[in-house]
2 protein chains.
Amino acid sequence: MSNEKSYAPGRVPKQRPGKVGGKRAANRVERTRAICEAARPLFLQRGVETVTVDEITQAANVAKGSFYRYFDGKQQLVRSLFEPLVEEFLSAMQRCEGRLNAAASTAEVFSAYETLAGELALVLLQSPESVKLYLQECRAPSEGARVPIREFSEQVTQAAISLTEVAHQRKLLRTNLSARLTAITVVGATENLLFRFLDRNDLGEPHEVTGALVGMVLDGIRAEDPPAAHS
Amino acid sequence: MSNEKSYAPGRVPKQRPGKVGGKRAANRVERTRAICEAARPLFLQRGVETVTVDEITQAANVAKGSFYRYFDGKQQLVRSLFEPLVEEFLSAMQRCEGRLNAAASTAEVFSAYETLAGELALVLLQSPESVKLYLQECRAPSEGARVPIREFSEQVTQAAISLTEVAHQRKLLRTNLSARLTAITVVGATENLLFRFLDRNDLGEPHEVTGALVGMVLDGIRAEDPPAAHS
DNA sequence: TTAAAACATGACCGTTCAGTCACTCTTTTA
DNA sequence: TAAAAGAGTGACTGAACGGTCATGTTTTAA
């Protein structure tokens, strides 16, 4: 639950990085942030691969040499850009998995899923543009600057499978599908709903989308108890 | 149900295109095909935007000037590459919509969906690499060479919504969601299942995936009749 | 048969890009 | 405070790219 919103630079000097609160460290954080936040809208509008380093540095009001001081290249920038989102997402998933493993009743299982939904919604609200960028690029080939995004996508799938396996082992799923296929189905539906929602500024009504998501997941796991008793 | 598998060139001469079975026409079809089929594996491996015209022409054993004789540029190549797939997909969807509108019983509605599933499976088996490429690039920004892919994606969504609306108006859906959100959910799940399946050569068992897809759709529309009586 | 159109080729051109570097200024650390 | 490391800059370089074109060949259509 840490409030770390800063982007880590890809390169950090070895000999004199400066004290943690000093001018160098603060400046490094600020420049990294400026570059990352200048790059993101360009990536969203034109795609990661087509945006050049020159464009990014111009948009960030930073010289080209400074970019290469903090990053090896575009791939490392992409990795730094997504690092906070990846951390928050994976930690939320891991917390949910912990709660699921500790759950004694079906109600606690439902509660764990609901808590996860709330935490993921928070992540979405905090960084909708990064989420949009992820959805836009997450099926890219594993070559070039988008490698970190594709890696993140695999982690999303794996984490979803892990969570689904808990429900699967507890016979909570209505479907007779494997946990893997169930997870891939749910992730695909969720990601497409999110993408279409984020892609149209006019299609408001976020509650309708969240309702669709929660309904879909809960609909698939009403095997034993009716979901009446959850906190 | 025509067997047109040929890729149309983007540019066709006005004054002397040659007779339909003549040398020029045949040569034009052949060169267009060579370029398209050389480009596809490159697009799959490295992404549409990063592949250069030089690479494509080298892979196709064609001079650069010849490429620009048949295509304005990469975007037109992409359009020609996907045109057969788009045609087959949309025609199958339209046939299904016609059958749905003519359906007198719920059993006929189910039958229409089943026929569609079979036809789409055939499309997938005929051109799995183009489908994979579509899934890989279908969320690209509407700029550059991938514009036709994004357009196709919107058509897929719209066609799915149209089909879902029929089931929605007939009160065949178990869900209380709008037809739009239902369609986006189903398309997202389907596309992700297909992509993960096509992306891993080892994950065999196509019947498991198809079973997941059919089960998911039919599971969502068992409102009135039990789906016993369908041809 | 013949003139015009289409075709094929790859050298060529202007532009753009990633990455480097010399130079200057700032910060750290001892 | 002084020396060394870090930081900022933008010009520069070499490679690569999209697109064109001059040249020569093949096909069409009359």
Side-chain angles (χ1 to χ4, degrees), chain A residues 8-35 38-39 42-43 46-78 143-147, chain B residues 8-35 38-39 42-43 46-78 143-147:
Chain A
R11 294 188 153 282
V12 173
K14 323 272 179 187
Q15 298 183 340
R16 293 183 185 176
K19 283 170 285 187
V20 287
K23 290 187 178 179
R24 283 214 174 146
N27 173 70
R28 197 159 43 233
V29 166
E30 167 55 21
R31 304 293 268 205
T32 304
R33 187 200 57 79
I35 293 172
L42 294 172
F43 288 163
R46 312 231 325 281
V48 169
E49 294 292 354
T50 39
V51 174
T52 68
V53 174
D54 281 297
E55 288 177 286
I56 296 169
T57 55
Q58 283 168 24
N61 277 319
V62 159
K64 201 173 187 177
S66 298
F67 175 89
Y68 283 100
R69 174 170 304 282
Y70 296 114
F71 300 104
D72 275 345
K74 219 164 55 175
Q75 175 176 322
Q76 207 176 58
L77 166 62
V78 170
E143 304 216 357
R146 296 178 292 179
V147 166
Chain B
R11 294 188 154 283
V12 173
K14 325 270 178 185
Q15 299 183 337
R16 294 184 186 177
K19 284 168 285 185
V20 287
K23 289 187 178 180
R24 282 211 177 146
N27 172 72
R28 197 159 44 231
V29 167
E30 167 56 22
R31 305 292 268 206
T32 304
R33 187 199 59 78
I35 292 172
L42 294 172
F43 288 162
R46 312 230 324 283
V48 169
E49 293 293 354
T50 40
V51 174
T52 68
V53 174
D54 281 297
E55 288 176 287
I56 295 169
T57 55
Q58 283 167 23
N61 277 317
V62 160
K64 202 175 189 176
S66 299
F67 175 89
Y68 283 101
R69 173 169 305 279
Y70 296 114
F71 301 104
D72 275 344
K74 221 165 53 173
Q75 174 176 323
Q76 206 175 60
L77 165 62
V78 171
E143 302 214 357
R146 296 178 292 177
V147 165

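Protein chains get the first letters and strands the later ones, always in sequence-line order, with residue 1 at the start of each.
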- Query: Do F43(A) and K74(A) pass the side chain to side chain contact (heavy atoms under 4.5 Å, CB included) test, and can you show the C-alpha distance, the side-chain angles, and the key distance before you say yes or no?
  - Reply: CA-CA 11 Å; F43(A) 288 163; K74(A) 219 164 55 175; 4.3 Å; yes
- Separation of dG10(D) atom P from F67(A) atom CZ, nearest Å, is 17 Å
- OP1, OP2 of dG10(D) versus side-chain N and O of R69(A): anything below 4.0 Å? no
- Message: From CZ of R11(A) over to C1' of dA7(D), roughly how many Å is that when rounded to an integer?
- Response: 14 Å
Polar pairs (N or O, both sides) under 3.5 Å between protein and nucleotides 18-22 of chain D?
residue: dG18(D); atom: OP2; partner: V53(B); partner atom: N; Å: 3.2
residue: dG18(D); atom: N7; partner: K64(B); partner atom: NZ; Å: 2.6
residue: dG19(D); atom: OP2; partner: Y68(B); partner atom: OH; Å: 3.0
residue: dG19(D); atom: N7; partner: K64(B); partner atom: NZ; Å: 3.2
residue: dG19(D); atom: O6; partner: K64(B); partner atom: NZ; Å: 2.9

Identify each atom pair where a protein N or O and an N or O of nucleotides 26-30 of chain D are less than 3.5 Å apart, giving names and distance.
residue: dT27(D); atom: O2; partner: R24(B); partner atom: NH2; Å: 2.8
residue: dT28(D); atom: OP1; partner: K23(B); partner atom: N; Å: 3.0
residue: dT28(D); atom: OP1; partner: R24(B); partner atom: N; Å: 3.2
residue: dT28(D); atom: O2; partner: R16(B); partner atom: NH1; Å: 2.7

- Side-chain N or O of R28(A) less than 4.0 angstrom from OP1 or OP2 on dT26(C)? no
- Query: R46(A) CZ to dC17(C) C1': how many Å, rounded?
  - Reply: 13 Å
- Nearest-Å distance for atom pair CG/P, residues N61(B) and dA8(C): 13 Å
- Item | Spacing of CG belonging to N27(B) relative to OG1 belonging to T32(B), to within rounding of 0.5 Å | 8.5 Å
- Query: Under 4.0 Å between a side-chain N/O of N27(B) and OP1 or OP2 of dA6(C), yes or no?
  - Reply: no
- Item | From CA spacing to verdict: side chain to side chain contact (heavy atoms under 4.5 Å, CB included), D54(B), K64(B) | CA-CA 7 Å; D54(B) 281 297; K64(B) 202 175 189 176; 3.1 Å; yes
- Base, sugar-phosphate, or nothing for F71(B), non-hydrogen atoms under 4.0 angstrom? nothing
- Step-by-step side chain to side chain contact (heavy atoms under 4.5 Å, CB included) determination, D72(B) to R11(B): CA-CA 7 Å; D72(B) 275 344; R11(B) 294 188 154 283; 2.5 Å; yes
- Item | Any donor-acceptor N/O pair, R28(B) side chain to P17(B) backbone, under 3.5 Å | yes
- Might you point out which heavy atoms bring V51(B) and L42(B) nearest each other, and give the distance in Å? CG2-O, 3.5 Å
- Message: Check the phosphate of dT9(C) against S66(B), side-chain N and O only, distance under 4.0 Å to OP1 or OP2. Yes or no?
- Response: yes
- Message: Checking the side chain of R24(B) only, and the main-chain atoms of R16(B) only, is there a donor and an acceptor separated by less than 3.5 Å?
- Response: yes
- Message: Checking the side chain of S66(B) only, and the main-chain atoms of V62(B) only, is there a donor and an acceptor separated by less than 3.5 Å?
- Response: no
- Message: Whole angstroms only, please: what is the CZ-P distance between R31(A) and dG6(D)?
- Response: 17 Å
- Message: Between P on dT9(D) and OH on Y70(A), what's the gap in Å once rounded to a whole number?
- Response: 10 Å
- Task: Determine, step by step, whether R69(A) and R31(A) satisfy the side chain to side chain contact (heavy atoms under 4.5 Å, CB included) criterion, reporting the C-alpha distance in whole Å, the side-chain angles of both residues, the deciding distance to 0.1 Å, and the verdict.
- Result: CA-CA 10 Å; R69(A) 174 170 304 282; R31(A) 304 293 268 205; over 6 Å; no
- Query: Atom CD of E55(A) to atom P of dT15(C): distance rounded to whole Å?
  - Reply: 18 Å
